[in-house]
Each structure stands twice: as structure tokens, then as C-alpha cells.
Amino acid sequence: MPELPEVETIRRAIEPLISGQHLINLELRDPSILRGDTSTLRSSIIGKLVTGVSRRGKQLLLVLEGGWAIVIHLRMTGALLLEEPDPSRRVRAVLHLSNGTRLYFNDIRRLGTIALVKDLDGCCRRLGPEPLTGDFTPDILRQCLAGHRIPVKAALLDQHIVAGVGNMYADEALYEANIHPLTPANELSPGQISRLWEAIRAVLQRAIACQGASIATYALPSGERGTAHNLFNVAHKKDAPCPRCGTPITRVMVRKRGASFCPSCQQPGNHLG
DNA sequence: CCCGGAACCTGAAGGC
DNA sequence: TGCCTTCAGGTTCCGG
């Protein structure tokens, strides 16, 4: 599933190909994926210069001249491909650039969305902090989690608390920080906050270096697969031995979401350090 | 604010 | 073999 490392990998791949080009056409093969005031906005972005490609959380932002932007969210099964896939029946939209580059928005389940926005700041304002920027400190993380009695696993998945972390990397970060997923977010000790902060950043950076995790349908724009899943300790590892202690990895449901963890290394009430 | 549940969506996997 | 149910997971919305 595309989380922050996967979206960042896609951003890095397409940025040099489309930045500085003009958007010739936004071909909508399945108009239902488009969000926002469609007809007016669509006509106002055609022909615009793409000034850059950025990312906010799991959202890919194609920034256009004049304050416009195309905001792409891949959700579960979305992909941006440089070549038309075969079969092509799941291509929902195609972006045509002035240098001939085409970006195929492929999405099996049609949960992914494309939004055309004028107010980029406004559309990202509700997201929590970016975990890989310099202003994300342990104290910022502490502030984000304060006041939330919900399980820390659920808090990490809430994009309004921290942006970009999804199910896989939340499980990996909690494992690396030795924190039980059901620990109330506002009951983490200073030491746990500090370890979790470090773990979130390490897990995400490592995954970016591996160009993302291709557990299911995720692929780079080139069609290649990422290799970050080879580093996973707990995510999608139910019943496998914990790399540290050998205890089989357990999977439980936390607020209707699967949570994989080591029941020995990540015990509740581990307020050590 | 806090929480649970449903909805969106399709393909894989499991039960019978 | 085939039908049926469940699950997977990101996000939003709605009700208590």
C-alpha cells in the first residue's frame, strides 16, 4: 500500500520527467475518481506549466503555475505508471505532458482520487506534521499524542496526528521502539516517545532508500518493485519468529485494523526509560 | 472531544 | 467445481 515512502519514491521518479513541462491534457477514463468542482477546475488547469512535484503525507502534489495543483491520493491500490499497463482496463486517468510523457493512473479498486485544487495550503492544513522534516522533534511528537487516549497504533494511523504513516510502517515503528500497539497514546513515557520518534524516522528513511515496499500492488512508475518489505520485522509477518527473541509474531485487531507485533518484546505497560 | 460503525471498492482466500 | 462470505486497508462521514 502506498504510504509515505512509496509516495516519496514515486515523487522522486516523476519529478524530473514532468517538472517544467506543460499539462496538455487530463484524460479521465473514469470521471468518478475526480474530486472537487470538476468541470470548471479541469478547464482551468489544461495548458498550465508544472512548476514542481511535492508531497504532503501520502498525497502527491503536482504544483502548477498560478496556484493550481493536482492532488493525487493512491489509497490502497493506486499506481502511477509511465507505460500503459496491459490490461489497461484499470487505468482511471492519463496525464499528458508537453514532452510526450504520459502518466497512467492505474487503480484496481477505484479508491484512489485526483483532486484539482486552487488552495494547496488549505487542502493540506488538516494533516499532522511531516515526520521526516527538521521541525519534527520528539517534543512535537509528544504534543501530537498528548490528549489522545486512543491506542498509539490508531494514533499513528490518524493522518491528522502524524502525516504519512500507514499500517505497515506503524507496526514496524512500534516494534522498533518496543511499544505495545494498544498503549494509550497519551501514556507513553518520555523514553518511549523518544524511541518512537527515532523509530518512525528510521523506518521511513530506510524504506525510501529501498524505494518502498511492494507487498501487494505497489510499483514504481517504471513498473519495478520496491524492496523495503524485505526489511520488515513484523508487518505481514504473522507467525514468523521475532528476529530479536524468536517469539512468533502475533496479529490482533486494533480499531478494525490489523496490528502485527511481538508479544514478548512489545509488552503493555513497558514504561522503561 | 471520544469512539464505533458503515461506506467506498475489488480481488484473493477460505468455508462448505 | 462453485457459490458465498470475509478480509485487506486509507479515508470520510455519521450517529451516540
Side-chain angles (χ1 to χ4, degrees), chain A residues 1-10 28-36 55-61 71-80 85-93 105-115 117 122-128 130-131 143-174 181-187 200 203-204 207 212-219 226 228-229 232 234-239 249-261:
Chain A
M1 322 299 158
E3 304 180 23
L4 187 155
E6 288 74 30
V7 179
E8 176 62 20
T9 298
I10 294 168
L28 286 173
R29 299 190 185 177
D30 179 355
S32 71
I33 66 160
L34 205 58
R35 293 299 130 93
R55 177 191 57 72
R56 184 75 171 86
K58 301 171 188 173
Q59 300 181 128
L60 191 65
L61 314 173
V71 180
I72 299 176
H73 201 308
L74 301 171
R75 297 282 176 95
M76 307 292 300
T77 54
L80 276 184
D86 182 20
S88 62
R89 47 186 264 259
R90 300 193 184 85
V91 173
R92 312 298 173 188
F105 181 94
N106 198 57
D107 189 3
I108 295 171
R109 289 167 62 177
R110 297 166 64 207
L111 292 170
T113 58
I114 295 180
V117 305
C123 102
C124 298
R125 195 173 296 142
R126 297 171 58 209
L127 290 175
E130 283 293 320
Q143 290 175 37
C144 291
L145 297 177
H148 292 284
R149 229 176 326 171
I150 57 175
V152 61
K153 172 65 190 294
L156 291 178
L157 295 182
D158 186 336
Q159 302 299 296
H160 306 107
I161 297 178
V162 178
V165 178
N167 212 28
M168 301 182 298
Y169 298 112
D171 281 349
E172 289 300 313
L174 289 171
L182 286 173
T183 310
N186 62 355
E187 289 181 15
I200 290 170
V203 160
L204 296 178
S214 286
I215 285 277
T217 59
Y218 163 76
H229 51 281
F232 284 173
V234 291
H236 296 93
K237 291 279 191 175
K238 177 168 150 41
D239 297 331
I249 299 304
T250 296
R251 189 170 181 276
V252 298
M253 297 308 279
V254 179
R255 308 271 284 250
K256 299 284 181 186
R257 312 293 298 283
S260 298
F261 68 105

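These values consider heavy atoms only, across backbone and side chains, with no hydrogens, waters or symmetry-generated copies. Numbers restart at 1 for each chain; the letters A, B, ... are given by sequence-line order, proteins then strands.
For the pair A:R110 and B:dT10, the criterion of a side-chain N or O lying under 4.0 Å from OP1 or OP2 is met. Taking side-chain N and O atoms only, A:R90 has no distance below 4.0 Å to OP1 or OP2 of B:dC9. Residue A:R89 has a polar side-chain atom (N or O) positioned under 4.0 Å from OP1 or OP2 of B:dG11.
If you take CG of A:L74 and P of B:dT10, they are 17 Å apart, rounded to a whole angstrom. Computed from coordinates, the A:M1 CE to B:dA12 P distance equals 13 Å when rounded to whole Å. As a whole-Å value, the separation of A:M76 CE from B:dG11 P is 14 Å. Distance A:R255 CZ to B:dC2 C1': 8 Å, rounded to the nearest Å. Rounded to a whole Å, the CE atom of A:M253 is 13 Å from the C1' atom of B:dG5. One interatomic measurement links the two molecules: NZ of A:K238 to P of B:dA13, which rounds to 16 Å at whole-angstrom precision. The CZ atom of A:R92 sits 13 Å away from the C1' atom of B:dC8 (whole-angstrom rounding). Remark: C1' of B:dC1 and CG of A:D158 are 13 Å apart, rounded to the nearest angstrom.
Closest to the side chain of A:R149, from the set B:dC3, B:dC8, B:dT10, is B:dC3. Counting only heavy atoms from C-beta on, A:R251 has its side chain closest to C:dA8 among B:dT10, B:dG5, C:dA8. For A:K58, whose side chain is taken as the heavy atoms from C-beta onward, the closest listed nucleotide among B:dC8, C:dT11, B:dT10 is C:dT11. Taking only side-chain atoms of A:H160, from C-beta outward, the nucleotide of C:dT12, B:dT10, B:dG5 with the closest atom is C:dT12. Among the nucleotides B:dC3, C:dT11, B:dC2, the one closest to any side-chain atom of A:I150 is B:dC3. Proximity note for A:Q159 (side chain, C-beta onward) versus B:dT10, B:dG4, C:dT11: the nearest is C:dT11. Considering only the side chain of A:K256, B:dG5 comes nearest among C:dT11, B:dG5, B:dC8.
To the nearest 0.5 Å, the span separating CD on A:E3 from CD on A:E172 amounts to 10.0 Å. Taking OG1 from A:T183 and CG from A:L145, the interatomic distance works out to 11.0 Å, rounded to the nearest 0.5 Å.
With sequence neighbours excluded, no residue satisfies side chain to side chain donor-acceptor pair (under 3.5 Å) with A:T250. Residues satisfying the side-chain contact (heavy atoms from CB on, under 4.5 Å) criterion with A:T9, sequence neighbours excluded, are A:Q211, A:Y218, A:L220. Judged as a side chain to side chain donor-acceptor pair (under 3.5 Å), and not counting sequence neighbours, the contacts of A:E130 are A:R55, A:R56. Residues satisfying the side chain to side chain donor-acceptor pair (under 3.5 Å) criterion with A:K58, sequence neighbours excluded, are absent altogether. A:F105 pairs by the ring pair (Phe, Tyr, Trp, His ring centres under 6.0 Å) definition with nothing, not counting sequence neighbours.
Axis angle, first five pairs versus last five pairs of the helix from B:dC2-C:dG16 to B:dC16-C:dG2: 60°, rounded to 10°.
Across all strands shown, A:M168 has no heavy atoms under 4.0 Å from either base or sugar-phosphate atoms. When heavy atoms are screened at a 4.0 angstrom cut-off, A:L111 is found touching base atoms of the nucleic acid. Using a 4.0 Å heavy-atom criterion, one finds that A:G147 contacts the sugar-phosphate atoms exclusively.
Under the side chain to side chain contact (heavy atoms under 4.5 Å, CB included) rule, A:T217 has a single partner from A:L74, A:D107, A:I108, which is A:I108.
If you find the closest nucleotide of DNA chain B to A:P151 and to A:R75, the one lying nearer the 5' end belongs to A:P151.
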